[in-house]
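For reference, the structure discussed in these notes is given below.
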Amino acid sequence: MKKIIYTVIVIVCFSFVFCCKNRTKTTISIHKQELDDDQQAISSILLNELNDLIQFNDSLKKLGGYSDTNIFLVDFYNEDSSCYVKIMRYHYYDGSKMDGYVIIKDNLIVFNNISECGFDLVYSDNLHKNRIRDFPDENSDKAIHTDFDPIGKRFKIHNKDSLELLYFGFL
């Protein structure tokens, strides 16, 4: 009788482990596929920096709410014949300046001035271009009535595979 009970317990345990293991793999592969669609619009080096800032923002949220936004602006610009990019979290997006956007991990990533210096880092054909309904824009109450200090990073762009961090903090 003990052998039968032991055998049944072992079979149930293996079945449980096997079923959970397969379910986890399926969920991860579906989630990865969803992320890949929008992430293909961004070079890997810029995507890594965005993910780092998103993780930093998430850690601030866990500490007690300094960061109540999940909007990130990626702004390219040219200064003294060199190319730069600022990545910052912000409390709204400006649709009139937006070249396009992607959604990564429930975060809105908005790109501005890609033609200035971002053509090697962002593939604008893969960006969404329509207005965004689920996030506040420049005309929202949140944009108009919120005192906000954006936190972010400023990089010098050397080439499509090299960003030099110049500043990290309040912009």
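All values below come from the heavy atoms of this structure, side chains included, with hydrogens, waters and symmetry mates left out.
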Taking atom [atom1] of [X] and atom [atom2] of [Y], what is their separation to the nearest 0.5 Å?
{"X": "Asn107", "Y": "Leu53", "atom1": "CG", "atom2": "CG", "value": "9.5 Å"}
{"X": "Ile71", "Y": "Phe135", "atom1": "CD1", "atom2": "CZ", "value": "6.5 Å"}
{"X": "Ile151", "Y": "Met88", "atom1": "CD1", "atom2": "CE", "value": "12.0 Å"}
{"X": "Ser44", "Y": "Asp161", "atom1": "OG", "atom2": "CG", "value": "6.5 Å"}

What are the two closest non-hydrogen atoms of [X] and [Y], and how far apart are they?
{"X": "Ile114", "Y": "Ser124", "result": "CD1-CB, 4.2 Å"}
{"X": "Lys160", "Y": "Ile45", "result": "O-CG2, 3.4 Å"}
{"X": "Asn159", "Y": "Leu121", "result": "O-CD2, 4.4 Å"}
{"X": "Asp120", "Y": "Ser43", "result": "O-CB, 4.2 Å"}
{"X": "Ala41", "Y": "Asn126", "result": "CB-CB, 3.6 Å"}
{"X": "Lys129", "Y": "Asp99", "result": "CD-O, 3.4 Å"}

Would you check if [X] and [Y] make a side-chain contact, meaning some heavy-atom pair closer than 4.5 Å?
{"X": "Ile103", "Y": "Ile109", "answer": "no"}
{"X": "Asn112", "Y": "Met98", "answer": "yes"}
{"X": "Lys153", "Y": "Asp52", "answer": "yes"}
{"X": "Phe76", "Y": "Ile157", "answer": "yes"}
{"X": "Val85", "Y": "Val74", "answer": "yes"}

Checking the side chain of [X] only, and the main-chain atoms of [Y] only, is there a donor and an acceptor separated by less than 3.5 Å?
{"X": "Asp137", "Y": "Asn139", "answer": "yes"}
{"X": "Tyr93", "Y": "Tyr101", "answer": "no"}
{"X": "Glu116", "Y": "Cys83", "answer": "no"}
{"X": "Asn51", "Y": "Asn48", "answer": "no"}
{"X": "Asn70", "Y": "Asp106", "answer": "yes"}

Joint hydrophobic cluster, [X] plus [Y], side-chain heavy atoms closer than 4.5 Å:
{"X": "Phe72", "Y": "Leu165", "answer": "yes"}
{"X": "Ile87", "Y": "Leu60", "answer": "yes"}
{"X": "Ile132", "Y": "Tyr92", "answer": "yes"}

Can Asp75 and Asn113 be said to form a side-chain hydrogen bond (donor to acceptor under 3.5 Å, both in side chains), step by step? CA-CA 6 Å; Asp75 189 24; Asn113 304 315; 2.7 Å; yes

Out of Glu79, Glu164, Glu49, which one pairs with Arg154 under the salt bridge (charged side-chain N to carboxylate O under 4.0 Å, His left out) rule?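 Going through the options one by one, the only one that passes is Glu79.
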
Does the plane of the ring in Phe168 sit parallel, tilted or perpendicular to the ring in Phe56? Use 30° and 60° as the thresholds.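 Perpendicular.
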
Does Tyr84 form a side chain to side chain contact (heavy atoms under 4.5 Å, CB included) with Leu166? I'd like the steps, not just the answer. CA-CA 10 Å; Tyr84 298 89; Leu166 300 175; 3.5 Å; yes

Could you walk me through whether Phe155 and Leu46 pass side chain to side chain contact (heavy atoms under 4.5 Å, CB included), step by step? CA-CA 10 Å; Phe155 297 93; Leu46 184 58; 6.0 Å; no

